[in-house]
Chemist: 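What follows is a single structure, and I will ask about it in a moment.
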Amino acid sequence: DPAFTAPPDFDQHGDPFTRVHNGRIDIGAYEAQPLLADVNGDMVVNGLDFLLIQAAGGDIARWNAEYGVTAPMEQPSLVVTTDQDVVDPFDGETSLREAIEYANDLAGADTITFDASMAGKTILLAEGELDINEDLTIIGLGADQVTIDAQQQSRVINITDSSASSYRIVGLTITGGVDREGGGILSLGTYQSLTIEDSVVTGNSAAWAGGGIHVDGGLELIRTVVSNNTVDGDFGIPGGGGGGILQRFDDGDLIVRQSVITGNSTTGFSQPGGGVRASGDVFFYDSELSNNFTLERSSPGGGFSTGILGT
C-alpha cells in the first residue's frame, strides 16, 4: 500500500532502512536499500565509509538521493588540500587525516602529497595521533613549508603495522608530540623500515623512551634535523632513554646521512642516550651529533649510547 503512513518509520532492520522505499512497503526480508556499512572496519559508520564506497564504484548519486544529501560528496584523494584536522567527505577538501585513512584502506604502497596551496601551513592535530598501517610515503612541500603539530596533546604519528613494511616521510616538520614513548614518531614493527628525509623532528617529548623518534626496526635519516626533543619521565625501566632517537632492537640499522642531531636530552633515572640510544648497527655519514645531554648520573651517554637494550 503506497499510501501507508508511519509509524513504523523503518523496516525490521531499523534506522536507516525506511518502511516505504521507492513507493513500496519494504519489510526488510530482502534488503534493497543501500547499506550504511562499516567498510573500513573501524567500528564506526561515518563519512570515510562513504568515500570508500565511492572509490569502489558505488552509486553515490543514489546514496545522495536516498539520504537527502545536498552537498556533493568529494572524491577520495591522496593529495592534501586543507590544514584542518577533520574527516568530512562533503567539504570538498582532503585533510591529512582523511588521506592517511584512505591510504590505509587501499591495497599496496601509496604516496600522499600536498597541494601547493598548503605551503606555509601548520596542521594542528585535534583528533589525536595519525595512525598509519600500510606501506606509505608522505611527501610534504619542505620542512619550512608544512608542519604537523600535535599541540602537546598526543603523539604525532604512530605506525601500527607489524609486518615487514617500508615508510618514508619527506619534507615535513614533526612537532608538539607527547606520549609515553615515541612522542614525535612511533614505529614498533621490528622488521619495519622508516626513512625520514629533508625533515625536522623537534619539540617532542616522551615519558619513557624516544622523545623524538622511537623505532624497533631500521631507521634512516637523510638531510634531517632531530632537535630539542626530550625523555622527561623517571620510570627507571630498562630499554628507555634516547631523547632524540631510540632504536630499540638489533634487527635494524640506524643510518644517519647529512643530518643533525642536537639539543636533545633525557632527565630521568636510567635513561641513557640524550641524543641517541641505539641497539642495532649505527652508521653516521657527514652528520653532526652535538649539544645533547643526560642529567642523571645513572643515565650515561649524553650524546650517544649503544648496546642491546633488552626486551
Side-chain angles (χ1 to χ4, degrees), residues 122 124-125 128-130 143 147-159 169 172-188 194 196 199-217 219 221 224-250 252 254 256 259-280 282 284 287-311:
T122 295
L124 299 176
L125 297 186
E129 66 188 22
L130 298 167
T147 297
I148 308 173
D149 185 351
Q151 306 184 84
Q152 306 296 321
Q153 299 299 310
S154 71
R155 180 185 294 117
V156 182
I157 293 175
N158 187 4
I159 299 173
I169 296 171
L172 293 171
T173 289
I174 305 295
T175 191
V178 58
D179 210 287
R180 180 177 181 270
E181 52 189 324
I185 301 171
L186 178 67
S187 176
L188 293 185
L194 172 63
I196 305 176
S199 294
V200 174
V201 181
T202 187
N204 304 283
S205 65
W208 173 55
I213 306 166
H214 178 175
V215 298
D216 280 357
L219 173 64
L221 303 181
T224 287
V225 175
V226 179
S227 66
N228 302 315
N229 303 284
T230 185
V231 173
D232 55 11
D234 198 12
F235 280 81
I237 302 173
I245 299 169
L246 175 72
Q247 193 269 327
R248 186 163 58 172
F249 297 126
D250 61 352
L254 172 60
V256 182
S259 296
V260 176
I261 302 173
T262 186
N264 305 284
S265 63
T266 67
T267 62
F269 177 78
S270 189
Q271 293 178 335
V276 177
R277 189 177 189 188
S279 189
V282 179
F284 271 71
S287 295
E288 175 186 334
L289 181 68
S290 65
N291 299 316
N292 304 283
F293 60 92
T294 61
L295 292 182
E296 279 277 349
R297 287 190 299 174
S298 61
S299 303
F304 185 86
S305 176
T306 188
I308 302 302
L309 305 185
T311 57

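None of the values given here were measured: they were computed from a predicted structure.
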Chemist: Quick check: does any side chain N or O of Asn292 sit under 3.5 Å from a backbone N or O of Asn264, one acting as donor and the other as acceptor?
Modeler: yes

Chemist: Mark yes or no for whether Gln153, through its side chain, and Leu125, through its backbone, hold a donor-acceptor pair below 3.5 Å.
Modeler: no

Chemist: Can you name the closest pair of heavy atoms from Gly176 and Asp149 and give their distance?
Modeler: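 For Gly176 versus Asp149, the nearest heavy atoms are CA-OD1, 3.5 Å.
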
Chemist: Once you round to the nearest 0.5 Å, how far does CD1 of Ile157 lie from CD1 of Ile174?
Modeler: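 The CD1 atom of Ile174 is 4.0 Å from CD1 of Ile157, to the nearest 0.5 Å.
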
Chemist: Do you know the tightest heavy-atom contact between Glu181 and Ala206?
Modeler: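 Smallest interatomic distance, heavy atoms only, reads CA-CB, 3.9 Å.
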
Chemist: Which pair of non-hydrogen atoms, one from Arg248 and one from Ser279, has the smallest distance, and what is that distance?
Modeler: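 Scanning both residues, the minimum pair turns out to be O-CB, 3.0 Å.
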
Chemist: Which heavy atom in Ser154 sits nearest to a heavy atom in Gly128, and how many Å separate them?
Modeler: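 It is OG-C, 3.5 Å.
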
Chemist: Could you tell me which non-hydrogen atom of Trp208 sits nearest to which non-hydrogen atom of Val231, and how far apart they are?
Modeler: O-CG1, 3.3 Å

Chemist: Check whether Thr230 reaches the backbone of Gly243 with its side chain - one donor and one acceptor, N or O, closer than 3.5 Å.
Modeler: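 No, the answer is negative, given that no donor and acceptor are paired below the 3.5 Å cut-off.
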
Chemist: Rounded to the nearest 0.5 Å, what's the gap from OG1 on Thr224 to CG on Leu219? Could you check?
Modeler: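 The CG atom of Leu219 is 9.0 Å from OG1 of Thr224, to the nearest 0.5 Å.
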
Chemist: When you measure from the side chain of Arg155 to the backbone N and O of Ala150, does any donor-acceptor pair fall under 3.5 Å?
Modeler: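 No: the side chain of Arg155 does not pair with the backbone of Ala150.
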
Chemist: Would you confirm whether Asn229, through its side chain, and Asn204, through its main-chain N or O, come within 3.5 Å as a donor-acceptor pair?
Modeler: yes

Chemist: With rounding to the nearest 0.5 Å, note down the distance linking OG1 in Thr267 to CG in Asp232.
Modeler: 5.0 Å

Chemist: If we ignore hydrogens and angles and just use 3.5 Å, is the side chain of Glu288 paired with the main-chain N or O of Thr262 as donor and acceptor?
Modeler: no

Chemist: For the backbone of Ser227 and the side chain of Thr202, can you confirm whether one donor and one acceptor N or O come within less than 3.5 Å of each other?
Modeler: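 Flag set: sc Thr202 to bb Ser227 pair under 3.5 Å.
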
Chemist: At what distance, to the nearest 0.5 angstrom, does CD1 of Ile185 lie from CG of Leu194?
Modeler: 6.0 Å

Chemist: Between the side chain of Ser187 and the main-chain N/O of Val215, is any donor-acceptor distance below 3.5 Å?
Modeler: no

Chemist: Quick check: do Val282 and Val276 have side-chain heavy atoms less than 4.5 Å from each other?
Modeler: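 Side chain of Val282 against side chain of Val276, heavy atoms only: no contact under 4.5 Å found.
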
Chemist: Hey, could you give me the CD1/CD1 distance between Ile169 and Ile196, rounded to the nearest 0.5 Å?
Modeler: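 Here the interatomic distance stands at 5.0 Å.
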
Chemist: Taking all non-hydrogen atoms of both residues, which atom of Val256 and which atom of Ser259 are closest, and how far apart?
Modeler: CG1-CB, 3.6 Å

Chemist: Can you tell me how far apart NE2 (His214) and CG (Asp179) are? Round to the nearest 0.5 Å.
Modeler: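 If we round to the nearest 0.5 Å, His214:NE2 and Asp179:CG are 11.5 Å apart.
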
